[in-house]
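Notes for the one structure printed next.
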Amino acid sequence: MTEAEIKKSIDKHSVKPLIFVVIMMLLIALLNNYLLEDDPLTPNLLIFGALAAGIHIFKNVLCDVLVTKSAQNGSK
């Protein structure tokens with residue numbers, strides 16, 4: 001698998017999780033304003049959300065790379 005294909009796989013798998021994390025942070029901020037009377041949010045939510053999205057992206061890209069490599073090795 002070439003470097004360009006790996007970059008394309010990263011781009012393909014990173015859009016949805018990052019959008020999900022941003023939407024979840026906005027929803028949590030809105031709920032915080034209405035329910036908790038604008039108490040400050042903990043940065044742990046952002047850290048855990050970013051880590052979860054990063055792990056999800058890494059897992060999907062790694063699966064693409066390994067499946068592609070095993071498919072190429074099997075066809076030789």
Side-chain angles (χ1 to χ4, degrees):
M1 190 167 202
T2 65
E3 186 176 342
E5 291 172 329
I6 293 173
K7 286 181 182 179
K8 184 178 177 182
S9 177
I10 291 171
D11 290 342
K12 179 177 82 171
H13 291 296
S14 65
V15 173
K16 288 180 185 176
L18 293 178
I19 290 173
F20 179 75
V21 168
V22 168
I23 290 172
M24 289 304 297
M25 290 300 134
L26 289 173
L27 288 175
I28 290 171
L30 286 173
L31 288 174
N32 184 43
N33 286 339
Y34 290 114
L35 298 177
L36 300 176
E37 298 174 1
D38 211 17
D39 287 339
L41 285 175
T42 177
N44 293 342
L45 292 172
L46 182 60
I47 292 168
F48 289 136
L51 282 174
I55 290 170
H56 180 75
I57 293 165
F58 182 72
K59 177 189 66 114
N60 286 340
V61 170
L62 193 60
C63 286
D64 276 356
V65 170
L66 293 177
V67 167
T68 304
K69 280 191 174 185
S70 66
Q72 287 175 349
N73 289 341
S75 66
K76 288 183 177 182

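The structure displayed is predicted, hence computed values, not measured ones.
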Common cluster, Ile19/Leu27, ILVMFWY with side-chain heavy-atom separation under 4.5 Å: yes
Are Leu51 and Val21 co-members of a hydrophobic cluster defined by side-chain heavy atoms under 4.5 Å apart? no
Considering all heavy atoms, the nearest Asp64-Ser9 contact: OD2-OG, 2.8 Å
Quick check for you: to the nearest 0.5 Å, what is the distance between Asn60 atom CG and Ile10 atom CD1? 11.5 Å
Following the transitive rule for hydrophobic clusters with a side-chain heavy-atom cut-off under 4.5 Å over Ile, Leu, Val, Met, Phe, Trp and Tyr, establish whether Ile57 and Val65 coincide in one cluster. yes
Is there a path from Val15 to Phe58 through hydrophobic residues (I, L, V, M, F, W, Y) whose side chains come within less than 4.5 Å of each other? no
